J.: 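Pasting in a structure now, in structure tokens, and then I'll have a few things to ask.
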Amino acid sequence: MKRRNFIKFSAISGATIAISGYSNSLFARKKPNSLITSGYLPRIISTWNHGMAANNEAWKIIESNGAALDAVEKGVRITESDPSNRSVGIGGLPDAKGNVTLDACIMDHKFNCGSVSFLQNIENPISVARKVMEQTPHVMLSGKGAYDFAIEKGFKHKDLLTNEAKLAWEKWKEEAKKEKPIINNENHDTIGLLAIDKKGNLSGACTTSGWAYKLHGRVGDSPIIGAGLYVDNEIGAACATGLGEAVIRICGSHTVVELMRQGHSPENACKIAVERIIKAHDNLEGLQVGFIALNKKGEYGAYSVYSGFNFAVKDVKQNTMINAKYEMDW
Ligand code: ASP
């Protein structure tokens with residue numbers, strides 16, 4: 001099953017190329033006229049195949065001299081509003097009790113951040129997270145409080161459990177698969193999107209319906225600043241996907257950014273964070289985690305525990321899926 005997924009990921013991304021450190025020297029040679037670029041800027045990277053559509057939407061903002069913050073929000077809203085996506089927003093697989101509960105966070109280039117966790121019945125949690133950031137003195141709102149805040153701010157109540165997700169949940173219940181579901185499948189993948197705009201400012205967004213059939217009330221890494229996402233505009237940005245519990249244990253995204261601060265390339269920073277996760281866990285069965293990172297120069301990288309993680313890159317030269325390097329085959 002796990003192996004099949006990897007093969008599927010590889011097949012889907014026909015244009016996929018293997019990343020080997022930075023393959024970016026190409027971009028430094030010629031600056032296209034249509035955009036003001038500096039080094040590798042501007043650039044967007046995001047997790048998994050759904051990142052392509054999100055990147056395209058985010059690029060519209062970046063291209064018209066917009067801010068990375070607007071770009072990351074607009075980008076991931078596309079994934080949240082896609083009912084065919086089983087791991088983010090509407091259409092996301094529910095928890096064990098059949099409730100779709102969403103986690104999301106956003107962070108800008110000035111350490112401003114906002115987050116919502118365990119949010120139900122709101123289609124675009126990322127925009128609620130942004131409102132928390134901009135219109136409250138807090139960083140995180142959760143559950144009913146987050147929902148009430150969203151309604152107060154004009155968001156509409158919506159049933160997020162699609163028929164397809166409901167059927168999948170009912171099947172899961174019937175089969176009594178009460179054990180840990182496999183994390184690295186097509187139905188369970190956070191969108192994390194990082195952007196650096198033409199001014200060289202970084203921002204990030206991360207949003208998910210989390211671990212399918214999780215215990216009611218479970219919150220993963222994705223709404224936790226420093227775990228699912230971190231941005232330090234002096235250094236770079238990172239975000240995570242995969243088993244949130246493992247990411248939280250090592251403050252994953254913050255760790256990646258701190259490693260870049262120490263001089264590591266984005267890819268190497270992600271690799272060291274992955275190694276730390278591996279060291280912190282005795283049982284690695286099903287423990288997939290992937291990180292993506294983007295530094296202040298616009299250089300990018302990614303790394304995962306197991307094979308099968310891919311990410312989308314958009315800049316003036318390319319819009320492509322890349323298979324991340326990894327520590328182990330399934
Ligand atoms: N990190 C998410 C969580 O644990 C899920 C994922 O990215 O697959 O909720």
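What you see is a predicted model, and the numbers here were worked out from it, not measured in a lab. Just follow the structure's listing: the first ligand is 1, and inside any ligand the first atom is 1.
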J.: Give yes or no for whether the N/O distance cutoff of 3.5 Å, strictly under, is met between Thr208 and ligand 1.
T.: no
J.: Determine whether the side chain, the backbone, both or neither of Ser222 has a heavy atom under 4.0 Å from any heavy atom of ligand 1.
T.: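 Answer for Ser222: side chain.
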J.: If the test is side chain to side chain donor-acceptor pair (under 3.5 Å), which one of Asn112, Asp108, Asn124, Asp70 qualifies with Arg130?
T.: Asp70
J.: Please determine whether the number of non-hydrogen atoms from other residues, nucleotides or ligands lying under 6.0 Å from atom NZ of Lys153 exceeds 12.
T.: yes
J.: Has Lys171 got its NZ or CZ under 6.0 Å from the middle of the six-membered ring of Trp169, at an angle within 45 degrees of the ring axis?
T.: no
J.: Considering only heavy atoms of Thr190, which atoms of ligand 1 have at least one such atom less than 4.0 Å away?
T.: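 Near Thr190, meaning under 4.0 Å from one of its heavy atoms, ligand 1 has 1 (N), 2 (C), 5 (C), 6 (C), 7 (O), 8 (O).
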J.: Under a plain distance cut-off of 3.5 Å, with no hydrogens placed, do Asp329 and Ser307 share a side-chain donor-acceptor pair?
T.: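 Yes - a donor-acceptor pair under 3.5 Å links their side chains.
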J.: So is Glu245 close enough to ligand 1, meaning a heavy atom under 4.0 angstrom away?
T.: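 No, Glu245 has no heavy atoms under 4.0 Å from ligand 1.
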J.: Are there over 12 heavy-atom neighbours, none belonging to Leu167, within less than 6.0 Å of that residue's CG?
T.: yes
J.: Flag Gly220 as yes when one of its N or O atoms lies below 3.5 Å from any N or O atom of ligand 1, and as no otherwise.
T.: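 No, since none of the N or O atoms of Gly220 sits under 3.5 Å from an N or O of ligand 1.
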J.: Side chains of Asn310 and Asn49: is there a donor and an acceptor less than 3.5 Å apart?
T.: yes
J.: Without swapping roles, check the side chain of Ser222 against the backbone of Ala104 for a donor-acceptor pair under 3.5 Å.
T.: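 Judged by distance alone, no pair lies under 3.5 Å.
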J.: Distance under 4.0 Å to a non-hydrogen atom of Gly210: what atoms of ligand 1 satisfy this?
T.: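 Within the 4.0 Å cut-off of Gly210, ligand 1 contributes 9 (O).
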J.: Find all atoms of ligand 1 within a distance of less than 4.0 Å from any non-hydrogen atom belonging to Thr241, and give their numbers and elements.
T.: 6 (C), 7 (O), 8 (O)
J.: For ligand 1, is there an N or O atom under 3.5 Å from any N or O atom of Arg218?
T.: yes
J.: May I ask you to list the atoms of ligand 1 that are less than 4.0 angstrom from any heavy atom of Asp189?
T.: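 Answer, ordered by atom number: 8 (O).
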J.: So if I count the atoms of ligand 1 from 1 in the order they appear, which ones are less than 4.0 Å from some heavy atom of Trp211?
T.: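 Listed by number with element: 9 (O).
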J.: Only heavy atoms of Asp221, strictly under 4.0 Å: list the atoms of ligand 1 that pass.
T.: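 So the atoms of ligand 1 that pass are 1 (N), 2 (C), 3 (C), 4 (O).
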J.: Where do Glu57 and Lys60 land on the salt bridge (charged side-chain N to carboxylate O under 4.0 Å, His left out) test, with the steps shown first?
T.: CA-CA 6 Å; Glu57 190 67 17; Lys60 290 180 195 164; 2.9 Å; yes
